[in-house]
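Below you'll find the structure, written out as structure tokens, and then a few comments.
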Amino acid sequence: MPDQQKVDELKRRLTRYGVWTGAQQWTDLGRAREVAAEVESLGYGAIWVGVSSLPFEVHEALLAGTTDLLVVTGIVSIWDNPAAEVAERHRELNATYGDRFVLGLGNSHAQRVGEQTYVKPYSRTVAYLDELDAAGTVPEEGRLLAALRPRMLGLAGNRTAGAHPYLMPPEHTAHARAALGAGPLLAAEQKVVLEADPARARAIARQRLSMYLGLPNYTGALQDYGLEPEDFEGEGSDRWVDLGAAWGDEDAVRGRLQAHHDAGADHVLVQVLTEDSSSDLPLVEWRTLASTLQLRARCS
């Protein structure tokens with residue numbers, strides 16, 4: 001079982017909010033260091049990088065540009081990244097950058113891994129955690145698990161610092177907290193669009209959300225929260241978009257983010273969607289949200 005004092009320390013270091021980005025948004029590693037320094041100065045506690053793979057070059061650039069900010073993989077696929085190599089890279093980065101690299105793991109999706117490979121994902125996750133333990137350099141308190149359903153949430157609480165649900169509403173956060181209990185870390189992702197016009201906001205959100213329509217790990221889980229199979233047909237219904245992304249003015253977006261905290265999240269990672277969010281970094285929006293959320297800016 002994870003050491004609760006160390007889990008609590010991780011919660012403190014993450015703070016209430018972080019930002020989630022795709023790895024493709026950090027192609028210029030020199031600029032990545034500069035932007036990471038500003039993200040840190042704004043008061044965010046972490047940068048999460050999605051679809052993270054060895055050798056974690058982006059993550060190292062973000063660590064190099066900051067002093068206290070945590071950098072989290074969101075996620076490393078257990079199918080594509082050998083545990084022994086991940087453990088060694090984890091050791092190297094934390095030795096160099098002061099224990100600020102956190103390993104977020106997940107079993108991805110059969111549609112991306114391949115149906116023949118994606119066999120018994122729960123059992124494979126357990127085996128992967130065993131392999132990390134055997135390497136001896138990734139403590140339970142230094143890793144998280146992408147988890148949606150109770151069984152995987154239980155594994156997250158027992159074998160890692162906690163859970164990192166993705167694409168789920170605050171109602172799921174409440175259920176995840178109940179499944180985890182009070183101690184484990186719960187870090188909930190939330191997509192946001194800072195746009196008050198409904199048609200424009202939903203159009204921006206759909207650009208990103210469309211990629212998840214064919215992934216039953218998500219669509220199946222979301223049917224527990226009021227969606228029906230027809231909501232995932234075509235480009236997806238407005239109900240699907242509104243559940244997947246918080247949109248509106250600053251007060252509306254802040255309310256959705258706070259709802260995750262009210263439901264039991266320790267940390268909320270904000271994924272800002274813009275018309276060019278697949279490649280551009282939403283610096284303007286990060287600045288706006290830092291002010292809206294009243295983050296405590298760090299001195300540069």
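Within the 3.5 Å criterion, the main-chain N or O of Arg16 finds a donor-acceptor partner in the side chain of His261. Listed for the His59 side chain is no donor-acceptor partner under 3.5 Å among the backbone atoms of Val71. Remark: side-chain polar atoms of Ser210 are not paired, donor with acceptor, to backbone N or O of Glu235 under 3.5 angstrom. A distance-only check finds no donor-acceptor pair linking the side chain of Arg143 to the backbone of Leu105 [under 3.5 Å]. No donor-acceptor pair under 3.5 Å is formed between the side chain of His164 and the backbone N or O of Leu145. A donor-acceptor distance shorter than 3.5 angstrom exists from the side chain of Glu141 to the backbone of Asp3, with no hydrogens or angles considered. Between the side chain of Asn94 and the backbone N or O of Arg100 there is at least one donor-acceptor pair closer than 3.5 Å. With hydrogens and angles disregarded, a donor-acceptor distance shorter than 3.5 Å links the side chain of Tyr44 to the backbone of Trp286.
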When the side chains of residues 223-230 are checked against the rest of the protein, which donor-acceptor pairs come out under 3.5 Å, sequence neighbours left out?
{"from": "Gln223", "atom 1": "NE2", "to": "Thr219", "atom 2": "O", "distance (Å)": "3.4"}
{"from": "Asp224", "atom 1": "OD2", "to": "Arg149", "atom 2": "NH1", "distance (Å)": "2.6"}
{"from": "Tyr225", "atom 1": "OH", "to": "His175", "atom 2": "ND1", "distance (Å)": "2.9"}

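Atom CG of Asp133 and atom CD of Glu140 lie 6.0 Å apart (nearest 0.5 Å). Taking CG from Asn107 and CG from Asn217, the interatomic distance works out to 6.5 Å, rounded to the nearest 0.5 Å. Rounding to the nearest 0.5 Å gives a distance of 12.5 Å between OG1 of Thr21 and CG of Asp280. Put simply, OG on Ser52 and CG on Asp80 are 12.0 Å apart, with the number rounded to the nearest 0.5 Å. Within the model, atoms CD of Glu34 and CG of Leu283 stand 10.5 Å from one another, a figure rounded to the nearest 0.5 Å.
Salt-bridge formation is detected for the pair Arg287/Glu38: a Lys NZ or Arg NE/NH1/NH2 atom is positioned less than 4.0 Å from an Asp or Glu carboxylate oxygen. The pair Arg13-Asp68 does not meet the salt-bridge criterion, since no charged nitrogen lies less than 4.0 angstrom from a carboxylate oxygen. A salt bridge does not link Asp249 to Arg254: none of the charged nitrogens lies less than 4.0 Å from a carboxylate oxygen. Using a cutoff of 4.0 Å between basic side-chain nitrogens and carboxylate oxygens, Arg91 and Glu88 are scored as salt-bridged. In this structure, Glu275 pairs ionically with Arg200, as a charged nitrogen and a carboxylate oxygen lie closer than 4.0 Å. Look at Arg177 and Asp262 and you find no salt bridge, because none of the NZ, NE, NH1 or NH2 atoms lies under 4.0 Å from a carboxylate O.
Closest heavy-atom contact between Ala163 and Ala147: CB-CB, 4.2 Å. Summarising the geometry of Gln207 relative to Thr274, their closest heavy-atom pair is OE1-O, 4.1 Å, with the distance given to 0.1 Å. The shortest non-hydrogen separation linking Leu273 to Ala205 is CD1-CA, 4.0 Å. Smallest separation of non-hydrogen atoms from Val72 and Gly104: CG1-N, 4.4 Å. Among all heavy-atom pairs drawn from Thr15 and Gly43, the shortest one is OG1-O, 4.2 Å. Gly244 and Gln190 make their closest contact through O-NE2, 3.8 Å (heavy atoms, listed as atom of the first residue, atom of the second, distance).
For His260, there are no ring pair (Phe, Tyr, Trp, His ring centres under 6.0 Å) partners, not counting sequence neighbours. Residues forming a side chain to side chain donor-acceptor pair (under 3.5 Å) with Ser291 (at least two apart in sequence, or on another chain): none. Scored by the side chain to side chain contact (heavy atoms under 4.5 Å, CB included) test, Ala146 finds Ile75 as partners (sequence neighbours excluded). Residues forming a side chain to side chain contact (heavy atoms under 4.5 Å, CB included) with Ala201 (at least two apart in sequence, or on another chain): Val193, Glu195, Trp247. In terms of the side chain to side chain donor-acceptor pair (under 3.5 Å) criterion, residue partners of Tyr97 (sequence neighbours excluded) are, by chain and number, Glu60. Residues forming a ring pair (Phe, Tyr, Trp, His ring centres under 6.0 Å) with Tyr128 (at least two apart in sequence, or on another chain): none. Here Arg239 pairs with Asp231 under the side chain to side chain donor-acceptor pair (under 3.5 Å) rule; sequence neighbours left out. For Trp20, the ring pair (Phe, Tyr, Trp, His ring centres under 6.0 Å) partners at least two apart in sequence or on another chain are Tyr166. Residues passing the side chain to side chain donor-acceptor pair (under 3.5 Å) test with Thr73, sequence neighbours excluded: none.
Side-chain contact check for Arg202 versus Trp240: every heavy-atom pair is 4.5 Å or farther apart. You'll find the side chain of Val39 stays beyond 4.5 Å of the side chain of Leu62, heavy atoms only. Side-chain contact check for Glu285 versus Val192: every heavy-atom pair is 4.5 Å or farther apart. Counting heavy atoms from C-beta outward, Arg124 and Ile78 have side chains that approach closer than 4.5 Å. Inter-residue side-chain proximity for Phe56 and Val76 is flagged as met; some heavy-atom pair is nearer than 4.5 Å. Within the 4.5 Å cutoff, side-chain heavy atoms of Leu14 are placed close to those of Leu185. Side-chain atoms of Thr160 and Pro184, non-hydrogen and from C-beta on, never get closer than 4.5 Å to each other. Contact of the Leu132 side chain with the Leu103 side chain is registered, since non-hydrogen atoms from C-beta on lie closer than 4.5 Å.
Among residues at least two apart or in separate chains, side chain to side chain donor-acceptor pair (under 3.5 Å) pairs with a member in residues 180-189 are Glu189-Lys191, Glu189-Gln271. Here salt bridge (Lys or Arg N to Asp or Glu O under 4.0 Å) pairs that include residues 164-175, with residues two or more places apart or in two chains, number zero.
When each of Lys6, Arg12, Lys11 is checked for a side-chain hydrogen bond (donor to acceptor under 3.5 Å, both in side chains) with Glu9, only Arg12 meets the rule. When Thr66, Val35, Leu70 are each tested for a side chain to side chain contact (heavy atoms under 4.5 Å, CB included) with Glu40, only one passes: Thr66. Of the listed residues (Arg159, Met152, Lys120), just one forms a side chain to side chain contact (heavy atoms under 4.5 Å, CB included) with Thr125, and that residue is Met152.
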Assess whether side-chain contact (heavy atoms from CB on, under 4.5 Å) is satisfied between Thr292 and Leu194, documenting all intermediate values. CA-CA 11 Å; Thr292 299; Leu194 287 172; over 6 Å; no

Run the numbers on Val86 and Arg89 for side-chain contact (heavy atoms from CB on, under 4.5 Å), then give the verdict. CA-CA 5 Å; Val86 168; Arg89 188 62 173 141; 5.9 Å; no

Applying side-chain contact (heavy atoms from CB on, under 4.5 Å), run through Met168 and Leu222 and close with a yes or a no. CA-CA 7 Å; Met168 294 291 114; Leu222 286 168; 3.7 Å; yes

Checking side-chain contact (heavy atoms from CB on, under 4.5 Å) for the pair Tyr218/Leu148: CA distance, chi angles, key distance, verdict? CA-CA 8 Å; Tyr218 292 136; Leu148 301 181; 3.8 Å; yes

